[in-house]
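By convention in this document, chain letters (A, B, ...) are assigned in the order of the sequence lines, proteins followed by strands, and residues within each chain are numbered from 1.
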2 protein chains.
Amino acid sequence: MPASNKFTGSVRMRDVAERARVSRMTVSRALNDPESVKEGLRNRVLAAVEELGYVHNHLARSLSSRSSNVIGLVLPSLENSIFAQTVKGVSDVLRPLGYHLMVTECGNEPKDEERVISAFVAQRVGGLILHGTHHSAVAARMLKASGTPVVENGDIPAEPLDMVASYSNRDAAKAMTLHLARLGYKQIAFAALAANPRGASRSLGYDDALAELGRPADPRLKIEVSRGFTGGAEAIAHIATNVPEADALFCAGDVMAVGALFECNRRGWKVPDRLAIASFDDLELMRHVSPGITSLQLPRYEMGRRSAEMLLTRIEGRELPVPVLDLGFEIVQRAST
Amino acid sequence: MPASNKFTGSVRMRDVAERARVSRMTVSRALNDPESVKEGLRNRVLAAVEELGYVHNHLARSLSSRSSNVIGLVLPSLENSIFAQTVKGVSDVLRPLGYHLMVTECGNEPKDEERVISAFVAQRVGGLILHGTHHSAVAARMLKASGTPVVENGDIPAEPLDMVASYSNRDAAKAMTLHLARLGYKQIAFAALAANPRGASRSLGYDDALAELGRPADPRLKIEVSRGFTGGAEAIAHIATNVPEADALFCAGDVMAVGALFECNRRGWKVPDRLAIASFDDLELMRHVSPGITSLQLPRYEMGRRSAEMLLTRIEGRELPVPVLDLGFEIVQRAST
DNA sequence: CAGCATTTTGATACCGGTAACTTTAGGCTC
DNA sequence: GAGCCTAAAGTTACCGGTATCAAAATGCTG
């Protein structure tokens with residue numbers, strides 16, 4: 001039991017009711033559904049609220065009404081600005097309707113995600129948006145049992161928990177690989193993020209493309225690197241040593257491609273002449289470095305917006321026609337390829 | 001009243017109690033303070049919890065116990081990875097103690113912050129960490145009245161709401177400006193973020209330094225730019241047109257310095273020979289570009305960690321000896337100056 | 001083994017709201 | 001103005017837990 005803090009005697013609805021000389025119920029109505037209270041009383045109530053500095057107790061409200069206006073968003077990390085757009089998409093939908101968004105970060109481990117989900121379910125949030133698509137059995141069961149509406153939006157999972165609004169990491173990786181092939185690159189290397197479920201899907205997409213092209217899967221071309229700028233440098237080092245004949249590098253993690261580009265600059269490798277570089281995520285940075293880096297523009301904002309909309313639809317009791325939404329992606333061709 | 005979703009008949013403590021043939025109270029104790037229940041009963045309870053898939057209702061718990069294990073963190077934006085370290089610092093302290101962190105973004109407008117704070121207070125969170133230091137009167141009053149422990153950690157405010165764990169934006173900006181002067185730069189330009197309260201403090205710090213150096217404040221050297229990479233480019237353009245004699249540029253916003261560096265590259269300006277560049281925040285990027293950018297290393301992680309610790313101290317009822325903590329900063333000298 | 005302190009469990013009231021229902025107050029028709 | 005209908009306000013019970021105090025079980029001492 002962690003908390004031992006007690007809320008210091010805060011103002012209760014009863015206090016407001018007494019002050020306005022009405023019943024608690026009238027106060028409740030004046031706050032939640034003002035139209036249903038006659039103007040005179042309503043003003044008296046609102047005045048009392050103002051005078052006493054009353055702040056509605058959502059705890060009690062949610063408990064009693066068995067509904068909540070809080071939506072939880074579970075992200076693997078906040079280190080990355082790639083999620084900012086998604087957060088904005090969600091907020092833009094929720095805010096005008098009076099819902100509140102609470103974000104929590106959970107890493108890539110299903111066990112950690114489980115703890116976060118458990119906390120949200122314990123708080124009886126109105127709905128949950130999960131970026132991850134790999135969940136522990138306990139988490140899945142808990143979500144199902146609690147009946148919490150859920151949207152997954154980091155990938156398109158084979159077996160959705162509930163609703164989905166995302167792009168397909170596998171399709172996107174495949175498309176970019178094919179794009180590089182179409183541009184004439186023969187030896188396309190792939191830098192993969194270790195221990196990242198979305199990284200794994202991307203890796204499969206790369207394989208798909210090679211298979212479709214009828215090219216053999218050269219294990220030297222598939223490079224496992226660490227995250228961040230460092231990963232890009234590692235990939236270049238690997239190519240220099242082990243597959244100098246590679247003519248393109250597709251980086252499957254956000255800033256990784258920039259790290260690779262910087263490393264090429266350090267080594268005096270011309271991009272794209274010596275080596276073409278493509279990135280998975282179209283961060284703002286990609287168009288500011290030179291050469292600009294070809295990348296996949298993902299529907300980050302849309303993912304947020306549609307996730308929130310789907311959630312609200314479900315919360316309001318309407319069933320959804322298509323609970324799995326593939327939002328696609330686009331390839332942005334720049335000077336690096 | 002937004003939500004109309006009803007929690008579908010979830011398992012209650014009463015159900016667990018019946019199944020384990022004990023009183024609700026025993027279940028409550030077995031979950032919150034296992035030591036206080038004898039092993040036999042405790043196991044029976046835990047087995048029942050497991051079998052029924054019971055998830056504790058924090059709503060009810062918080063309402064009844066008038067305490068919460070949720071801590072709210074209010075950030076101006078999630079677009080920026082600079083807050084990731086702070087989030088991590090907070091989590092690292094809270095997680096092992098069973099507290100949960102919920103993050104919300106609020107922009108730079110006190111009115112928006114007020115809405116977020118109000119939501120957190122309505123949820124009766126155990127404590128609040130605010131990055132902003134400019135609050136609406138309503139928000140301040142609400143926090144005071146509710147008795148919620150609060151830590152501000154984005155700057156050292158003149159009049160703290162409660163506790164503070166931060167560095168001083170003003171001091172940091174002053175120190176960097178003095179550093180540039182010490183390196184011999186004579187015409188130090190300053191690129192400021194418009195409409196950002198922390199930006200304003202930094203601007204004052206720059207002024208302080210000039211005053212201390214006995215240099216006149218040349219208005220052409222103080223440049224207001226937009227945020228992001230673009231802002232840096234704008235600053236360079238301004239210098240080229242209006243103050244070509246400037247020999248150093250101090251950028252007061254995160255990626256701005258990188259944008260400035262890129263723009264210098266485009267124009268063929270040598271850094272630092274033609275123009276030295278310094279950045280406020282020591283993002284990872286700063287050491288990966290070339291030349292590496294001189295910047296201020298801020299105690300982002302510490303700010304999170306100490307904020308959380310202060311909050312817990314207060315929550316546990318102990319008073320703090322020093323409720324305002326200045327965590328300082330360091331200058332990282334790199335090739336750009 | 002009685003007598004008392006301590007630990008473990010249970011009964012009851014209440015946390016601060018809202019749902020559902022009842023009562024009262026108005027408004028209209030004839 | 002009686003009769004009926006609707007709107008507005010109030011009453012009561014309960015949401016799902018925990019605090020608090022009382023009761024029962026256990027242990028210890030002499």
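- Distance check, rounded to the nearest 0.5 Å: CE of M303(B) to CG of D155(B) gives 9.0 Å.
- Taking E35(A) as the reference, D33(A) meet the side chain to side chain contact (heavy atoms under 4.5 Å, CB included) condition, with sequence neighbours excluded.
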Return the polar atom pairs (N/O with N/O) between nucleotides 11-15 of chain C and the protein under 3.5 Å, or none.
none

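- To the nearest angstrom, P of dG16(D) lies 16 Å from CG of L31(B).
- Salt bridge absent: E51(B) and R44(B) never bring a charged side-chain N and a carboxylate O closer than 4.0 Å.
- Here the P atom of nucleotide dA19(C) and the CE atom of M13(A) are 11 Å apart, to the nearest Å.
- N153(B) has its side chain out of reach of R306(B): every pair of non-hydrogen atoms, C-beta onward, lies at least 4.5 Å apart.
- Protein atom CG of N69(B) is 14 Å distant from nucleotide atom C1' of dT18(D), rounded to whole Å.
- Between R19(A) and D15(A) no salt bridge is recorded (no basic side-chain N to carboxylate O distance below 4.0 Å).
- For the side-chain hydrogen bond (donor to acceptor under 3.5 Å, both in side chains) with K111(B), the qualifying choice from E114(B), E113(B), E109(B) is E114(B), the only one to do so.
- Of the possible donor and acceptor atoms, none in the side chain of T86(A) sits under 3.5 Å from a partner among the backbone N and O of G304(A).
- Between the CG atom of N32(A) and the C1' atom of dG16(C) there is a distance of 13 Å, rounded to whole Å.
- When all heavy atoms of A20(B) and A48(B) are compared, the closest pair comes out as CB-CB, 4.1 Å.
- Here dG10(C) presents its C1' atom at 15 Å from CD of E18(B), a figure rounded to the nearest Å.
- A heavy atom lying under 4.0 Å from DNA chain C marks the following residues of residues 46-58 of chain A, by number: Y54(A), H56(A), N57(A).
- Distance CZ (R61(A)) to P (dG16(D)): 17 Å, rounded to an integer number of Å.
- Residue L59(A) contributes atom CG, which lies 10 Å from atom P of dG16(C) at whole-angstrom precision.
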Task: Nucleotide-resolved protein contact map, nucleotides 22-28 of chain C, B/S/- at heavy-atom distance under 4.0 Å - done: -------
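- Looking only at atom types and distance, the side chain of Q123(B) has no donor-acceptor partner in the side chain of H100(A) under 3.5 Å away.
- Rounded to a whole Å, the CD atom of Q123(B) is 13 Å from the P atom of dG17(C).
- The ring pair (Phe, Tyr, Trp, His ring centres under 6.0 Å) check on H58(A) picks up H56(A), with sequence neighbours excluded.
- A search for side chain to side chain contact (heavy atoms under 4.5 Å, CB included) contacts involving S28(B) returns M13(B), M25(B), N32(B), not counting sequence neighbours.
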